[in-house]
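Within every chain, numbering begins at 1; the chains are lettered A, B, ... in the order of the sequence lines, protein sequences first and strands thereafter.
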Amino acid sequence: MRTTAFHLVTRKETPQDAEIISHQLMIRTGMIRKLGAGLYTWAPLGLKVLQKIENIIREEMNAAGALEMLMPAVQPKELWQETGRIEDFGGQLLAIHDRAERDYFFGPTHEEVITDFVRNEVNSYKQLPINFYQIQTKFRDEIRPRFGVMRSREFIMKDAYSFHLNHESLVETYEKMKLAYTNIISRIGLDFRCVLADSGAIGGSGSQEFHVIADSGEDAIMYSETGEYAANLEKCEAVGLLDSRAAATAEIEKIHTPEQKTIDSVAAFLQVDKTQTIKTLLVAGVDEPVALVVRGDHSLNEVKANNLASVASPLRMLDDDEIKAVAGCDAGSIGVKGFKGHVVVDRTVANMSDFICGANENDYHFTGVNWDRDASFDEIQDIRDAQVGDPSPDGVGTLNVARGIEVGHIFQLGNKYSKAMNAVVLNEQGKSQAMEMGCYGMGVTRMVAAAIEQNHDDKGIIWPANIAPFAVAILPMNYQKSERVRRTADELYESLTSQGIEVILDDRKVRPGFMMSDFELLGIPHQVIIGDRALDENEVEYRNRTDMESIRVSRDTINDFLAEQIKA
RNA sequence: CGGAACGUGGCGCAGCUUGGUAGCGCACUACAAUGGGGUUGUAGGGGUCGGAGGUUCGAAUCCUCUCGUUCCGACCA
C-alpha cells in the first residue's frame with residue numbers, strides 16, 4: 001500500500017474528549033472516528049487491525065472445534081420474554097420496532113437466539129456436543145459509554161455457545177475454550193490473566209474472565225503473589241481474618257460521640273484502630289430490611305451482597321428516610337445492638353469481640369460490644385472486598401492487586417436457558433432432557449484498545465507483530481526528487497509485496513521529520529528509511545519500533561534482512 | 001439515572017462578563033524556497049456561532065426551553 005492510495009489522516013493534537021491513551025492514539029492515528037456517544041466508525045487503518053484479531057480468533061475457535069455461523073443482530077422481543085431476561089438487562093436493551101409496531105431488541109448477546117436455533121435443529125444426543133460461534137456487532141445501551149471503543153455501545157463481539165448432554169461434556173468444552181482463549185490472547189501478543197468471576201446477568205454456575213493487564217483497566221484483579229489463585233475483586237473470596245472469637249473482656253458501654261458520623265472519625269475520636277469498629281449498612285431485603293455488617297476498615301462487596309438470598313436484587317441502599325424509620329437514627333450511628341431486622345455479618349465480623357458500633361441513636365456509639373451477650377446476627381457470609389495482604393483463599397500466599405481490562409468471559413451456563421426455552425434432546429434412553437450449555441464471549445473491538453493500552457510509548461502505538469496494520473513501513477527521504485531514492489524504495493516495495501509481506505510506502509511529499517513522527521505514531525513494527533545519505537554507501541537504514549535503534553543494512557541484503565526480522 | 005461542565009470552520013481554542021452580524025493555531029488548496037526529525041514565506045478556500053423561541057433598533061454574547069457531548073458514581077465483551 002502506498003500512503004497516497006490509502007486513507008491516512010493523523011493528528012498531532014490530542015483529542016479533548018479522549019481520557020485514556022488507547023482512545024487518544026486511536027483517534028490520532030485515524031483508526032476510528034466518533035459518530036455519536038459510544039458509536040465509532042472504523043476507518044480502513046483501524047479495520048485492518050480489527051480483522052487481524054478476528055482472524056486469529058477464527059483460527060483458534062475453528063481449531064478448538066467450534067463452528068462459525070451468523071445470527072441476526074435484531075431479535076424479536078418474544079424470545080426475551082421466554083427467558084425473562086428483559087428485567088435483568090433493563091435499560092441496556094436497545095428496543096426498536098418495525099412498521100407494524102412489532103417489538104425487537106438490537107442484540108446485546110445471543111443466548112436466546114442460539115437456544116431457539118438449537119432447539120429446532122438438534123433433537124438427539126447424537127448431535128451433541130456442539131459449539132457454535134459468530135463474530136458480530138452487538139449493542140448495549142450503556143449508561144455511560146466511555147474510553148472510546150473500550151466501552152462503546154455498539155461493539156463487535158465473538159460469542160460462542162456450546163450444547164451438551166451432560167455436565168462432564170460441558171466442562172470438557174469449557175476447558176477447550178479456556179485453552180483457545182489463552183491461545184488467542186497469546187497470539188495477539190498481550191499480557192493477560194485468567195481469573196475467577198461472577199456470572200452477573202448471563203447467569204450459570206461457574207465463570208472465568210480473561211483480563212489484559214493494564215493500569216487503565218476498569219477491574220481490580222486479586223491474585224496470589226506466590227500461588228495460582230486469581231479472581232476479579234467482585235468475586236474474590238475474602239477469608240475470615242480472625243481464627244476464632246476471643247472471649248469478651250470489656251463491658252458494654254454507651255459513649256457520647258457528637259458529630260462522629262464516619263468510621264474514620266469515630267475511631268479517631270475514641271482513639272482506637274478502625275479494626276475494632278464495625279460498619280452497619282442497610283439495604284433493601286426480600287422480606288425485611290437487611291443490615292450488612294463489615295469491619296470498619298473493610299468495604300462492602302456489592303456483587304456478593306447482591307447475590308445473597310435475603311437481599312433484594314438489584315442491590316439498593318436504603319435512603320436517609322428509610323434508615324431513620326428502620327434504625328431510628330441517621331446513617332452515621334447505625335449499630336447491631338437492638339437492630340430490628342435481618343442481620344448478615346461478614347466472616348471477619350462474626351469473630352470479633354469487644355468491638356465498637358453505632359447505638360442506633362444519633363451521636364452515640366457502643367464500645368465493648370460482644371456477640372450473643374449484647375447482639376446477634378442471622379447469617380455469616382462473605383460480603384466484603386478482599387484486600388491486598390489478605391491470605392489467598394486457596395491457602396497459598398497472600399493477595400495482591402492489579403488492574404485488568406476484561407476482554408473475554410467464559411461461562412458454564414448449565415440448563416438455565418435450555419430449561420426456560422425448552423431446548424431438549426432425546427438421550428440414549430429415549431428420554432427428553434434439557435441440554436447443558438456454555439457460552440464464551442470475547443470483546444473484539446475492545447481487544448484493539450487493550451492492545452494499545454499495553455503497547456505504546458510517548459511517541460505512539462507499538463503494535464505487537466501479529467496485529468500490526470502493516471509489517472513494514474518504507475520511508476523514503478525526498479522520494480519526489482531523488483530518482484535514486486525513489487527507485488530503491490519502489491524496488492523494495494515491489495519485492496516485499498510479492499513475498500506477501502504487508503508494506504506501506506510513504507510516497508507523500510512531506511518532510512522527513514513529519515513522516516517519521518507519523519510512523520512512530522502509527523507504530524509499524526519494522527521501518528526502513530531510504531535516503532541519499534546512506535545510498536552513497538549502497539545502504540539503507542532499518543529501525544524497529546520497539547527499540548528505535550538505527551541499523552545500516554546493505555541495499556542488497558535488506559530484503560532478506562527484513563524477512564528475517566519479521567520472522568523473529 | 002443522580003451530580004458537574006461544555007457545545008463557535010475538519011481538529012484544538014479565543015470572543016460572551018461590559019450586545020454592534022467572527023478570530024487564532026493546526027489541518028486543507030496553490031505557488032515558491034527548503035530537503036534526515038512535525039521547515040518557511042506568499043496567496044487562498046471553508047463557519048453565522050448545536051437547535052427552537054424570546055428580549056432588543058441590533059444577539060455568538062442576555063433570558064427560556066430543547067438537543068447533543070464529556071467528566072464523576074452503580075453495569076459489562
Side-chain angles (χ1 to χ4, degrees), chain A residues 9-20 23 27-28 30 33-39 53 57 88-92 108-110 135-160 181 197-202 207 209-212 218-219 232 234 302-303 305-306 314-317 319 405-411 439-450 459-460 475-482 485 508-521 529-535 540-541 543 548 550:
Chain A
V9 182
T10 57
R11 280 180 199 163
K12 196 158 41 172
E13 289 169 27
T14 301
Q16 186 240 348
D17 59 359
E19 285 292 302
I20 61 171
H23 188 195
I27 297 289
R28 286 187 57 204
R33 296 292 182 223
K34 184 172 71 181
L35 180 63
L39 302 172
I53 291 175
I57 292 173
D88 294 345
F89 263 82
Q92 282 208 42
T109 179
H110 282 243
I135 295 175
Q136 189 205 38
T137 296
K138 307 288 191 221
F139 192 98
R140 293 183 189 176
D141 197 357
E142 295 281 346
I143 296 163
R144 193 177 158 213
R146 66 190 124 167
F147 303 149
V149 299
M150 191 78 87
R151 178 176 297 282
S152 52
R153 295 196 293 174
E154 189 176 301
F155 62 99
I156 296 174
M157 177 160 94
K158 187 284 298 173
D159 45 326
Y181 273 42
D198 184 73
S199 334
I202 306 291
S207 79
E209 291 169 343
F210 286 78
H211 283 263
V212 167
E218 293 188 86
D219 288 274
N232 192 313
E234 62 186 34
E302 298 191 8
V303 171
N306 184 234
L315 186 73
R316 186 178 68 81
M317 295 290 209
D319 64 30
I405 299 165
E406 184 190 347
V407 294
H409 199 160
I410 58 178
F411 302 81
C439 82
Y440 318 93
M442 183 167 264
V444 184
T445 41
R446 179 181 283 181
M447 191 79 77
V448 178
K459 292 186 167 60
L475 311 182
M477 303 290 101
N478 209 4
Y479 182 83
Q480 310 296 333
K481 285 203 177 156
S482 169
V485 166
R508 293 176 300 178
K509 192 184 174 194
V510 294
R511 310 223 359 142
F514 189 97
M515 189 184 287
M516 291 177 183
S517 304
D518 250 2
F519 280 85
E520 275 154 19
L521 178 66
I529 299 161
I530 297 173
D532 282 311
R533 199 188 278 175
L535 283 180
V540 297
E541 235 170 288
R543 274 205 304 226
M548 292 305 286
S550 278

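To the nearest angstrom, P of B:C75 lies 10 Å from CG of A:D198. Here B:A5 presents its C1' atom at 13 Å from CD of A:E19, a figure rounded to the nearest Å. Going from atom CD1 of A:I143 over to atom C1' of B:U70 covers 16 Å, rounded to whole Å. Distance, A:R316 CZ to B:G73 C1': 17 Å, rounded to whole Å. Per the geometry, NZ belonging to A:K509 stands 10 Å off C1' belonging to B:U34, to the nearest Å. A:M157 places its CE atom 10 Å from the C1' atom of B:C76, with the value rounded to the nearest Å. Per the geometry, CE belonging to A:M515 stands 13 Å off P belonging to B:G38, to the nearest Å. Note: CZ (A:R146) to P (B:C76) measures 13 Å, nearest angstrom.
Pair assignment for B:U18: none, as no Watson-Crick or G-U wobble contacts are both less than 3.5 Å. Across the strands present, B:A74 finds no partner; the criterion is a Watson-Crick or G-U wobble pair with both atom distances under 3.5 angstrom. Here B:G25 sits opposite B:C11 as a Watson-Crick or G-U wobble pair (both hydrogen-bonding atom distances under 3.5 Å). Of the nucleotides present, B:C31 is the one that pairs with B:G41 by Watson-Crick or G-U wobble criteria, both distances under 3.5 Å. As the counterpart of B:U55, no nucleotide is assigned, since no Watson-Crick or G-U wobble pattern has both distances under 3.5 Å.
Taking the P atoms as reference points, B:G7 lies 13 Å from B:G51, given to the whole Å. On the C1' atoms, B:G10 is 7 Å away from B:A27, given to the nearest whole Å. When the P atom is compared between B:U8 and B:U42, the two are found 29 Å apart, to the nearest whole Å. Between the P atoms of B:C24 and B:G47, the separation comes to 15 Å (whole Å). Look at the P atom in both B:C13 and B:U18: the space between them is 26 Å, to the nearest Å. Separation of the C1' atoms belonging to B:A5 and B:G38 is 33 Å when rounded to the nearest angstrom. With both ends at atom P, the span from B:C65 to B:C57 equals 24 Å, rounded to whole Å. As rounded to the nearest Å, B:A22 and B:G68 have P atoms that lie 30 Å from one another.
A:M157 has its side chain out of reach of A:V444: every pair of non-hydrogen atoms, C-beta onward, lies at least 4.5 Å apart.
Contacts of A:D159 with the nucleic acid, taken as non-hydrogen atoms under 4.0 Å apart, are absent. Counting non-hydrogen atoms under 4.0 angstrom, A:Q480 reaches nothing in the nucleic acid. Heavy atoms of A:R543 sit under 4.0 angstrom from at least one base atom. No contact: A:Q136 has no heavy atom under 4.0 Å from any strand. Base engagement by A:E142 is indicated by at least one non-hydrogen atom pair under 4.0 Å involving a base atom. Using a 4.0 Å heavy-atom cutoff across all strands shown, A:L315 reaches no nucleic acid atom at all. Residue-level contact check: A:K34 touches the backbone only, with heavy atoms under 4.0 Å from sugar-phosphate atoms and none from bases. Note on A:G408: only backbone sugar-phosphate atoms sit closer than 4.0 angstrom, heavy atoms only; bases stay farther off. Looking at heavy-atom distances under 4.0 Å, A:M477 makes contact with a base. Across all strands, A:M442 comes closer than 4.0 Å only to sugar-phosphate atoms, never to a base (heavy-atom distances). Across all strands, A:S152 comes closer than 4.0 Å to base atoms (heavy-atom distances). Base contact: A:N478 has a heavy atom under 4.0 Å from a base atom.
Across B:A77, B:G37, B:G35, the shortest atom-to-atom separation from the side chain of A:K481 is found for B:G35. For A:M516, the listed nucleotide lying nearest its side chain is B:G36; candidates were B:G36, B:G35, B:G73. Here the nucleotide nearest the side chain of A:R446, chosen from B:G36, B:C75, B:A77, is B:A77.
Judged by distance alone, with hydrogens and angles left aside, the side-chain atoms of A:Y181 form no donor-acceptor pair with the main-chain N or O of A:H409 at under 3.5 Å. The backbone N or O of A:A37 sits less than 3.5 Å from a side-chain atom of A:R153, completing a donor-acceptor pair. A:S482 contributes no side-chain N or O that, together with a main-chain N or O of A:N478, makes up a donor-acceptor pair within less than 3.5 Å. Judged by distance alone, the side chain of A:R28 and the main-chain N or O of A:L521 form no donor-acceptor pair under 3.5 Å. Side chain of A:K459 to backbone of A:F519: no donor-acceptor contact under 3.5 angstrom is found.
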Contact pattern, 5' to 3', of nucleotides 27-32 of chain B - B, S or - by protein heavy atom under 4.0 Å
------
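Counting atom types as modelled, A:R11 pairs no side-chain N or O with a base atom of B:C26 as donor and acceptor under 3.5 Å. For A:D532 and B:G36, a side-chain-to-base donor-acceptor distance below 3.5 Å is absent, hydrogens and geometry of angles not being considered.
Along RNA chain B, the nucleotide nearest to A:A37 and the one nearest to A:E13 differ in position, and the one closer to the 5' end is contacted by A:E13. If A:V444 and A:L521 are placed on RNA chain B by their nearest nucleotide, the residue sitting closer to the 5' end is A:L521.
The shortest heavy-atom contact between A:R508 and A:F514 is NH1-CE2, 4.1 Å.
In this structure, OG1 on A:T109 lies 6.0 Å from CG on A:D159, to the nearest 0.5 angstrom.
A:R151 has a carboxylate O that lies under 4.0 Å from a charged side-chain N of A:E218, or vice versa, which qualifies the two as a salt bridge.
In the model, A:Q92 has no side-chain atom that pairs as donor or acceptor with a side-chain atom of A:D141 under 3.5 Å.
Looking at residues two or more places apart in sequence or on another chain, you find a salt bridge (charged side-chain N to carboxylate O under 4.0 Å, His left out) between A:E520 and A:R543.
Within the structure, every side-chain polar atom (N or O) of A:Q16 is placed at least 4.0 Å from both OP1 and OP2 of B:U70.
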